[in-house]
Amino acid sequence: MLKNVDLKHLSCFLSAVESSSFSHAALIQDLSQPSLSTRIRQLEQAVGATLFHRHGRGVEPTPAARTLYERINPLVAQLQTALVEASAIDSMYQGEVVVGIVPTVAGRLSVKLAAGARKKMKVRVVESFSGHLQEWLLQGDIDIAVCTAMPRRRGITQTLIRAEPLQLVGPADSGPTRNEVRFRSLQEVPLILGSPQHAIRQILDQTARRLGVTLRVQHEVDNLEAQLRFVRQGLGYAILSEGALTGTPQSNELRMCRIIEPQIQRHLVVATYPKNEAAKPAVKSVAAQIARLLRTGNRNRC
DNA sequence: TTACACCTCGGTATCCGGAA
DNA sequence: TTCCGGATACCGAGGTGTAA
């Protein structure tokens, strides 16, 4: 019976009841008066009842129209709200989002992130160290940083994902025979560490100063792949976070020993800059997705 | 893939009826 | 009689379905 009746018909009807005038209703609905009149006539044909008494000075809703109005008014309002909400949600999954990731996490996160991106959303991944990522975030070059927790900086929001114990990484056939190594013992082995700006290096330097330990830094190498190559060639030991080797080739050629006394950790965070979030609604959803992926990955390993 | 026919929608111009 | 507002006629634009 209600064939060919759509939201436009109902909106016109509601406006006509409220204004008691087709002309005023047409203005409200941004239509010409004849067009609105046609809509009302189609609705009357569909309902099978007269909804308005026409007279020389406007129209008057019939009892049938008043009953219909009471029933559909809240439904149309709900429907219009739902449409607005759906449109807002859709805009959250559009556009390009640039994510900066520290190398020790990039390997395990990048592919999952790209695979999980929505159709209308493009996720671009760049790799660098925590210090660089902080600067890029503030400059607006990237939208999200997945990095080691940084000192509080104005405007940056950090969400802690997890604490990752640091481990000594050496060739599988050498190094300490136990699965744990004391921090003080690190002064006895040649180390391959990142430059002093590197977040893990800063954690190590800070702990060493506190304990009065002098670290033997044999090579300063910022690139993760290069560090691992140095280690495989027996040039020294790297110190990396748990999970850093996940997904890297030849990880079975390497051996990891957890550092204890004290156990040192790096805190992995997802950092965003609220100004970027306001400009790109998609940033919030991607940041949430990253947090979910990293936390899930953590559970899987355990 | 393109061209054509058909349909729907919304516009303007005009007519008509009723109230002041 | 005048003015206001709804109804009707007609036209153009755009979308859709179908056949070549």
Side-chain angles (χ1 to χ4, degrees), chain A residues 1-99 110-126 140 142-144 272 274-290 292-293:
Chain A
M1 187 173 75
L2 294 179
K3 213 173 115 182
N4 299 330
V5 170
D6 58 24
L7 187 58
K8 193 74 183 173
H9 286 94
L10 301 179
S11 296
C12 288
F13 167 73
L14 295 178
S15 294
V17 171
E18 286 162 3
S19 60
S20 289
S21 161
F22 283 4
S23 297
H24 288 168
L27 279 175
I28 295 167
Q29 294 296 320
D30 199 22
L31 288 174
S32 63
Q33 174 265 320
S35 297
L36 184 127
S37 180
T38 305
R39 291 274 181 183
I40 298 295
R41 196 177 59 246
Q42 288 168 343
L43 183 63
E44 286 178 321
Q45 284 167 355
V47 171
T50 302
L51 297 173
F52 294 93
H53 292 308
R54 279 84 164 167
H55 52 76
R57 294 279 157 177
V59 295
E60 191 187 341
T62 62
R66 297 219 170 271
T67 303
L68 186 61
Y69 178 87
E70 295 302 326
R71 297 298 293 270
I72 69 170
N73 189 28
L75 299 177
V76 171
Q78 274 185 33
L79 189 53
Q80 284 169 338
T81 304
L83 292 173
V84 169
E85 285 176 1
S87 169
I89 288 168
D90 188 57
S91 73
M92 287 185 67
Y93 297 104
Q94 291 184 23
E96 184 189 70
V97 176
V98 186
V99 184
S110 301
V111 176
K112 285 183 188 174
L113 198 53
R118 310 270 173 148
K119 263 187 187 171
K120 295 181 190 171
M121 192 192 291
K122 186 179 172 190
V123 177
R124 187 154 61 86
V125 175
V126 294
I142 60 174
D143 302 306
I144 301 168
T272 54
K275 272 188 189 171
N276 299 346
E277 282 185 339
K280 291 186 189 177
V283 168
K284 199 169 267 184
S285 67
V286 174
Q289 188 196 2
I290 290 171
R292 199 168 50 246
L293 285 171

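Side chains included, hydrogens not; waters and symmetry mates left out as well; all remaining heavy atoms used. In what follows, chains carry the letters A, B, and so on, assigned in the order in which the sequence lines appear, proteins first and then strands, with residues in each chain numbered from 1.
- For Leu31(A), the listed nucleotide lying nearest its side chain is dG10(B); candidates were dG10(B), dG6(C), dA9(C).
- Overall bending of the helix from dT1(B)-dA20(C) to dA20(B)-dT1(C), expressed as the angle between end axes built from five pairs apiece, is 10° (10° steps).
- Nearest heavy atom pair, residue Pro61(A) against residue Ala65(A), reads CB-CB, 3.9 Å.
- Taking atom CD on Glu44(A) and atom C1' on dG6(C), their separation rounds to 12 Å, with Å as the unit.
- Distance from the side chain of Ser21(A) is smallest for dG6(C) among the nucleotides dG10(B), dA7(C), dG6(C).
- His53(A) has its NE2 atom 13 Å from the P atom of dA7(C), to the nearest Å.
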- request: Tell me, with the steps shown, if Ile40(A) and Arg54(A) meet side chain to side chain contact (heavy atoms under 4.5 Å, CB included).
  value: CA-CA 12 Å; Ile40(A) 298 295; Arg54(A) 279 84 164 167; 4.1 Å; yes

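- Nearest nucleotide to the Arg41(A) side chain, out of dT8(C), dG6(C), dG10(B): dT8(C).
- Between Ser32(A) and dG10(B), a side-chain N or O to OP1/OP2 separation shorter than 4.0 Å is absent.
- At least one side-chain nitrogen or oxygen of Arg54(A) sits closer than 4.0 Å to the OP1 or OP2 atom of dA7(C).
- The phosphate of dG6(C) has OP1 or OP2 within less than 4.0 Å of a side-chain N or O from Ser23(A).
- The heavy-atom pair separating Phe52(A) from Ala16(A) by the smallest distance is CZ-CB, 3.5 Å.
- Applying the 4.0 Å criterion to OP1 and OP2 of dC9(B), one finds that Ser35(A) has every side-chain N and O outside that range.
- The main-chain N or O of Leu51(A) is found under 3.5 Å from a side-chain atom of Glu44(A) such that the two form a donor-acceptor pair.
- Ser19(A) places a side-chain N or O within donor-acceptor distance of the main-chain N or O of Ser15(A), the cut-off being under 3.5 Å.
- Atom CD in Gln42(A) sits about 9 Å away from atom C1' in dT8(B), given to the nearest Å.
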- request: Just do the side chain to side chain contact (heavy atoms under 4.5 Å, CB included) check on Phe13(A) and Arg39(A) with the steps written out, would you?
  value: CA-CA 8 Å; Phe13(A) 167 73; Arg39(A) 291 274 181 183; over 6 Å; no

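- Across the protein-nucleic acid pair, Leu36(A) atom CG and dT12(B) atom P stand 14 Å apart, rounded to whole Å.
- Here the C1' atom of nucleotide dA19(B) and the CD atom of Glu60(A) are 14 Å apart, to the nearest Å.
- Straight-line distance from the CD atom of Gln33(A) to the P atom of dC15(B): 15 Å, rounded to whole Å.
- Put simply, CG on Leu43(A) is 13 Å from P on dC9(B), counting in whole angstrom units.
- The distance from atom CG of Leu36(A) to atom NE2 of His24(A), rounded to the nearest 0.5 Å, is 12.0 Å.
- Closest to the Phe22(A) side chain, of the nucleotides dC9(B), dG11(B), dG6(C), is dG6(C).
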